[in-house]
Amino acid sequence: QVQLVESGGGLVQAGESLRLSCAASGSSFSLNVMGWYRQAPGKQRALVAVITSGGSTNYADSVKGRFAISRDNAKNTVYLQMNSLKPEDTAVYYCILDYEVGLRRYRSWGQGTQVTVSS
C-alpha cells in the first residue's frame, strides 16, 4: 500500500516559477522510479520527467532546459522545479511511483495538483 501526497501547485503568470513536491508513504523500495505526468484540457496524459533512485533523469522535449526533477531518497520525496513557465504548461500534474515486487511491476499515482499559467 503506497500513498503519494502532492503539493505546490497554483496560479502564476508566464515567466514565473513553481516547485512541486510529492512524498511517498507506506511500503518503501530501494529500487524505484519517481516522476511526473501532466494532463492539459483536451489532451492525453503525457510524461514530464522521471528520476531513478540512483539519480538518472529523463525529460520531455517540451520542458528540457526549463524544468528540473530531483529527489530526496531519505524522505522518499520527489520535486519538480518549474522555471520560465508558459501558458502551455497549464495542466493537472500527477506524481508517479514505479516499483517492483518479485517479477511484478506496479505504478502508484497521486491525486494530481493544478498548475495554471496565465499570459
Side-chain angles (χ1 to χ4, degrees):
Q1 197 81 28
V2 176
Q3 184 176 7
L4 302 177
V5 180
E6 300 153 327
S7 62
L11 173 64
V12 298
Q13 294 184 338
E16 296 182 340
S17 299
L18 281 174
R19 190 176 80 151
L20 306 182
S21 299
C22 174
S25 62
S27 299
S28 62
F29 304 91
S30 59
L31 297 177
N32 62 69
V33 175
M34 299 187 75
W36 299 90
Y37 281 70
R38 68 185 181 185
Q39 187 166 26
K43 296 185 178 180
Q44 293 184 325
R45 191 172 298 184
L47 175 71
V48 178
V50 293
I51 184 168
T52 70
S53 57
S56 297
T57 60
N58 198 14
Y59 297 90
D61 288 341
S62 59
V63 306
K64 287 181 179 177
R66 299 189 298 119
F67 291 10
I69 190 169
S70 61
R71 64 188 291 167
D72 185 334
N73 288 334
K75 298 180 179 180
N76 214 10
T77 299
V78 64
Y79 307 92
L80 185 67
Q81 179 67 45
M82 303 184 293
N83 299 323
S84 301
L85 282 162
K86 303 175 180 180
E88 50 262 46
D89 296 318
T90 295
V92 177
Y93 285 70
Y94 298 90
C95 178
I96 62 99
L97 168 65
D98 293 340
Y99 61 97
E100 297 181 356
V101 178
L103 299 177
R104 307 183 74 178
R105 289 181 169 87
Y106 302 88
R107 170 166 287 179
S108 295
W109 293 84
Q111 291 293 100
T113 184
Q114 177 70 47
V115 172
T116 302
V117 184
S118 65
S119 60

Decide yes or no for [X] and [Y]: does some side-chain heavy atom of the first lie under 4.5 Å from some side-chain heavy atom of the second?
X: Cys95; Y: Val78; answer: yes
X: Met82; Y: Val115; answer: yes
X: Tyr99; Y: Val2; answer: yes

Do any side-chain atoms of residues 16-24 form donor-acceptor pairs under 3.5 angstrom with protein atoms, and if so which ones, sequence neighbours left out?
residue: Glu16; atom: OE1; partner: Gln13; partner atom: N; Å: 3.0
residue: Ser17; atom: OG; partner: Asn83; partner atom: OD1; Å: 2.9

Checking [X] now: which residues fulfil side-chain contact (heavy atoms from CB on, under 4.5 Å) with it, not counting sequence neighbours?
X: Ser62; result: Arg38, Ala60
X: Lys43; result: Ala40
X: Ala46; result: none

Handout entry: Separation of Thr52 OG1 from Asn32 CG (nearest 0.5 Å)
Key = 8.5 Å

Exercise for the section: Output all residues satisfying side chain to side chain donor-acceptor pair (under 3.5 Å) with Thr116, sequence neighbours left out; order by chain, then residue number. Expected result: Gln114

Handout entry: Contacts of type side chain to side chain donor-acceptor pair (under 3.5 Å), residue Asn73, not counting sequence neighbours
Key = Arg71

Fill in the blank from the handout: Of all heavy-atom pairs linking Leu97 and Met34, the shortest is CD1-CG, 3.7 Å

Those residues that, when tested against [X], pass salt bridge (charged side-chain N to carboxylate O under 4.0 Å, His left out) (two or more places apart):
X: Arg105; answer: Glu100
X: Lys75; answer: none
X: Asp98; answer: Arg107

Fill in the blank from the handout: Residues pairing under salt bridge (Lys or Arg N to Asp or Glu O under 4.0 Å) where one sits in residues 50-64, two or more places apart or in two chains, turn out to be Asp61-Lys64

In one Ile/Leu/Val/Met/Phe/Trp/Tyr side-chain cluster, 4.5 Å: [X], [Y]:
X: Val101; Y: Leu4; result: yes
X: Tyr93; Y: Ile69; result: yes
X: Leu80; Y: Val50; result: no
X: Val92; Y: Val12; result: no

Practice task
Ignoring hydrogens and angles, tell me if any N or O in the side chain of Thr90 forms a donor-acceptor pair with the backbone of Val117 under 3.5 Å.
Solution key: yes

Problem - Qualifying ring pair (Phe, Tyr, Trp, His ring centres under 6.0 Å) pairs with a residue from residues 35-91, counting only residues at least two apart or across chains - result: Tyr37-Trp109

